[in-house]
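Since we're looking at a predicted model, the values are computed, not measured.
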Amino acid sequence: MRVKLIKIGNSLGIRLPKPVILECDFKDELDLEVYQKTVVLSQPKLSRQGWRSAASEVLKTNPDAFKGAKEWQWDI
């Protein structure tokens with residue numbers, strides 16, 4: 001699929017066709033990466049996504065893995 005660059009203020013951009021947005025389930029923000037002159041758009045990765053399941057797997061193989069660990073106190 002070809003798309004044209006369009007002027008947006010002092011920048012250039014592209015419009016993504018609605019079927020592409022729906023198929024990829026894009027929302028308000030995207031992650032953009034450039035790899036070997038190729039632009040890749042993807043869903044933003046949540047910073048703690050998968051931590052709970054990873055910790056559960058560790059506990060299955062090593063029940064004492066978190067023994068003695070203290071609760072975190074977040075300063076707000």
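Residues V34 and L12 share a hydrophobic cluster, clusters being chains of Ile/Leu/Val/Met/Phe/Trp/Tyr side chains in contact below 4.5 Å. L41 and L5 fall within the same hydrophobic cluster, defined by Ile, Leu, Val, Met, Phe, Trp and Tyr side-chain heavy atoms under 4.5 Å apart, directly or through other members. Cluster membership check: I14 shares its hydrophobic cluster with L32, using side-chain heavy-atom separations under 4.5 Å among Ile, Leu, Val, Met, Phe, Trp and Tyr. L16 and V39 fall within the same hydrophobic cluster, defined by Ile, Leu, Val, Met, Phe, Trp and Tyr side-chain heavy atoms under 4.5 Å apart, directly or through other members.
By the neighbour-count criterion of 12 heavy atoms within 6.0 Å, atom NZ of K7 is densely surrounded, having more than that number from other residues, nucleotides or ligands.
Closest heavy-atom contact between Q43 and C24: NE2-O, 2.9 Å. When all heavy atoms of D31 and P44 are compared, the pair lying nearest together is OD2-CA, 3.3 Å. What you find for G13 and I8 is that their closest heavy atoms are CA-CD1, 3.9 Å. Closest approach of M1 and V20 over heavy atoms only: CE-CG2, 3.8 Å.
To the nearest 0.5 angstrom, S42 atom OG is 7.0 Å from F26 atom CZ.
A donor-acceptor pair is defined here as one N or O able to donate and one able to accept, closer than 3.5 Å; no such pair exists between the side chain of E33 and the backbone of T38.
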